[in-house]
Amino acid sequence: MSDSKIQENLQKEDAYYVNMGPQHPSTHGVLRLRVGLQGEKVIHVEPHCGYIHRGIEKMCEKDTYSQIIHLTDRLDYLSANTNNEAVCLLVENALGIEVPERVKIIRTILDELTRLASHQLWWSVMGMDLGALTTFFYGLRDREKILDIFEESTGGRLLPSFNTPGGFMHDIHPNFVPRTKEFLAYFKKKLPEYNRLLTGNVIFQQRTKGIGILSKEDAIAYGVTGPSGRASGFACDVRKHHPYSAYGMVDFKEILYTEGDSFYRYVARMDEMWESMKIIEQLIDRIEDGPYTAKMKPIIKLPAGEYYQRVETTRGEFGVFVISTGDKTPYRMKFRSPNFANLSALDYMSRGFKIADMVAIMSSLDLVIPDIDR
Amino acid sequence: MSNEQLQNYIKELVPEVVFEENTQYLVAVVPTEKIYAITENLKKNASTAFDYMLSLTGVDYPDSYAVVYHLESTKHNHLIVLKAKMDKQNPKIDSVCKVWPAAELQEREVFDFFGVHFNNHPDLRRLFMDEEWQGYPLRKDYKDEINIVEL
């Protein structure tokens, strides 16, 4: 063992260990962190996962591709629609099916609505974690409007399972377009309010600026993607670099910062909400009449081979890896979940900061635990 | 680098490499005992620079266990899939934690589900299952004696 390693182990033995979770309010789920402390200083964080492990990858091996879509909802439940889409895109690409343009556009709009709803919830709870309870009511009030749009068109508020290989389960509601437009007009007025309420707050800035710094090189090495990675300068937006659905048809900016601290992870998400609205605006009038699904066989069998599909969920890059033997069920299915990768950087990011900063760092990473445990 | 250039580069690095045909990305089956040297070279070499590991997957093939690495270069935007196969009796492979720290948790996951042992891993324990769990659930021959649900 090297000297530094011995030193580190001595420090660990000396440390005072505190459990954060599995029922800690700021973990937003059942994640247990064993935090090693020296005084108030964090010297070591050890995540203990598995409290909500359901063996989804094993279940997938017995399910058909249409059934698997319902399981992907339960990974990152705040980007359920995007997870569904990843499996659908994989099946469509493997079979060489071209979906109608109408489907592509609606999928993209739903993705961005999902992103907005998820960021609204994240903003609500981030403020709440840091002691500003008001944000919770503001954020949830606006999120409700998106969930209503989802409910009307897809039948599900949180877990729509609306995508199927080839298109959608059924057509969207006639109210979808006017209500989405109405929401955009509404939320454009409300978003500056978010900034006035929290972004400029002195206490909030002091608790997040310079906290949990992650450099670009480390973000890449740990595979930290999504707004968290882009706040460190890692250009990892799958929508931009490997466009799918209708992302190739729209003009939007990839939000990049170089600071990489909790505050800029916050700012990156706030900016992303504007970009999401921009994307929806460009597409909402381009929904043409037509079929809502491509022609699909009732039983989907992927040709033997290995497939990988990447999409950008709210929290980063989501990947689906399928090994097919030509059967109607996959031989092996693996989900590359963004939260799992983001979690791996938590130990590195929080070393040297105070235990109270852990809450700010975790909130700014926006972890969703079922996506980690799968 | 284009796929062809990558192919030539890896062939020079490890002559034993086999490339799979008709695949979505370039898939290289590399000798298991050399995995650390190969990955380290692919990351450090400026012309390949695979600095971003998308995913590390364990697979139970009918004749072997395998670890599949999806690697991308953020500089050159090329992607490669490395595959290392192990025999079923005693699956062992070198850890790549030192190359990509992201591998630490992902290797623990593969150990947990497939029983693949990663040499030189700093903290190889089960990640999702209980410490005293018997067997490796994602193996194809795994039988759950307690909760049998056969469809």
Side-chain angles (χ1 to χ4, degrees), chain A residues 5 46-55 57-59 61-63 90 93-94 216-225 229 234-236 241-242 303-310 317 319-321 323 325 329 331-337 340-348 372-374, chain B residues 20-25 27 43 49-62 66 68 70 72-75 77 79 81 83 97-110 112-114 122-123 125-131 133 137-140 142 144 147 149-151:
Chain A
K5 192 87 196 158
E46 201 182 299
H48 286 251
C49 314
Y51 287 89
I52 194 164
H53 174 64
R54 293 145 295 175
E57 285 175 13
K58 183 82 177 174
M59 275 195 256
E61 289 173 11
K62 284 196 172 163
D63 288 344
L90 182 131
N93 289 346
K216 181 183 173 186
E217 285 68 37
D218 292 326
I220 296 172
Y222 279 101
V224 177
T225 51
F234 176 19
C236 55
H241 302 288
H242 309 276
E306 301 182 2
Y307 308 93
Y308 194 87
Q309 176 67 45
R310 42 210 301 212
E317 180 176 337
V320 188
F321 178 53
I323 299 177
T325 49
T329 59
Y331 181 78
R332 165 93 169 100
M333 190 140 192
K334 144 105 183 175
F335 298 106
R336 187 262 185 219
S337 62
F340 189 48
N342 293 2
L343 173 75
S344 67
L346 185 66
D347 175 31
Y348 177 79
I372 296 170
D373 285 355
R374 278 161 286 154
Chain B
E20 287 185 6
E21 279 168 17
N22 300 327
T23 49
Q24 186 184 2
Y25 301 119
V27 182
K43 189 191 173 184
F50 285 105
D51 48 359
Y52 172 35
M53 190 183 75
L54 276 88
S55 89
L56 190 153
T57 317
V59 184
D60 180 359
Y61 285 109
V68 183
H70 285 76
E72 196 186 32
S73 164
T74 54
K75 210 160 106 204
N77 290 325
L79 205 148
V81 183
K83 211 182 266 184
C97 287
K98 281 199 185 118
V99 188
W100 300 284
E104 195 176 323
L105 283 185
Q106 307 211 19
E107 284 178 350
R108 271 179 70 185
E109 184 193 336
V110 174
D112 193 354
F113 290 156
F114 291 93
D123 184 20
R125 285 179 293 124
R126 281 186 181 274
L127 182 64
F128 294 126
M129 316 300 283
D130 291 341
E131 298 265 327
W133 193 271
L138 275 179
R139 285 185 179 180
K140 291 284 173 187
Y142 176 77
D144 188 346
N147 311 303
V149 184
E150 290 290 337
L151 298 174

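Below, chain A is the first sequence line, B the second, and so on; all start at residue 1.
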Close side-chain approach of B/His70 and A/Arg310, heavy atoms under 4.5 Å: no
Please assess A/His48 against B/Phe128 for the test ring-ring contact (aromatic ring centres under 6.0 Å, His included), listing each intermediate value before the final yes or no. CA-CA 8 Å; A/His48 286 251; B/Phe128 294 126; over 10 Å; no
Heavy-atom pair with the smallest gap, counting every atom of B/Ala102 and A/Gly223: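 Closest pair (atom of B/Ala102, atom of A/Gly223, distance): CB-N, 4.2 Å.
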Closest heavy-atom pair and its distance - B/Leu138, A/Glu57: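 What the structure gives for the nearest pair is CD1-OE1, 3.8 Å.
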B/Lys43, NZ: over 12 other non-hydrogen atoms inside 6.0 angstrom: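 Enclosed.
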Looking at A/Tyr348, I'd like to know if its OH atom is crowded, meaning that more than 12 non-hydrogen atoms belonging to other residues, nucleotides or ligands lie closer than 6.0 Å.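 Count not over threshold, so no.
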Between A/Tyr222 and B/Glu104, do the side chains contain an N or O donor and an N or O acceptor separated by less than 3.5 Å?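 Side-chain D/A pair, A/Tyr222 to B/Glu104: absent.
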So, the side chain of A/Lys58 versus the backbone of B/Pro137: is there a donor-acceptor pair under 3.5 Å, distance only? yes
Counting N and O atoms only, with roles assigned by atom type, does the side chain of A/Arg332 sit under 3.5 Å from a partner on the main chain of B/Thr57, one being a donor and the other an acceptor? no
For the atom pair [atom1] ([X]) and [atom2] ([Y]), what is the distance rounded to the nearest 0.5 Å?
X	Y	atom1	atom2	answer
A/His53	B/Met129	NE2	CE	5.0 Å
A/Phe340	B/Leu127	CZ	CG	5.0 Å
B/Leu79	A/Tyr308	CG	OH	8.5 Å
B/Tyr52	A/Thr225	OH	OG1	5.0 Å
A/Glu306	B/Thr23	CD	OG1	8.5 Å
B/Glu72	A/Glu317	CD	CD	7.0 Å

How are the rings of A/Tyr331 and B/Tyr61 set to each other: parallel, tilted or perpendicular (split at 30° and 60°)?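 Parallel, since the angle between the ring planes stays under 30°.
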[X] portion near chain B, given a 4.5 angstrom heavy-atom threshold:
X	result
A/Ile220	both
A/His242	side chain
A/Glu61	side chain

Heavy-atom pairs under 4.5 Å with chain A, option from [options] with the top count:
options	result
B/Val27, B/Val99, B/Leu56, B/Thr74	B/Thr74
B/Val81, B/Asp51, B/Leu54	B/Leu54
B/Gln106, B/Arg126, B/Glu20, B/Lys140	B/Lys140

Engaged part of B/Val68 at the chain A interface, taking heavy atoms whose separation is under 4.5 Å: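 Looking at B/Val68, just its side chain touches chain A.
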Where on B/Arg125 is there a heavy atom nearer than 4.5 Å to chain A: the side chain, the backbone, both, or neither?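 When you check distances to chain A, only side chain atoms of B/Arg125 fall under 4.5 Å.
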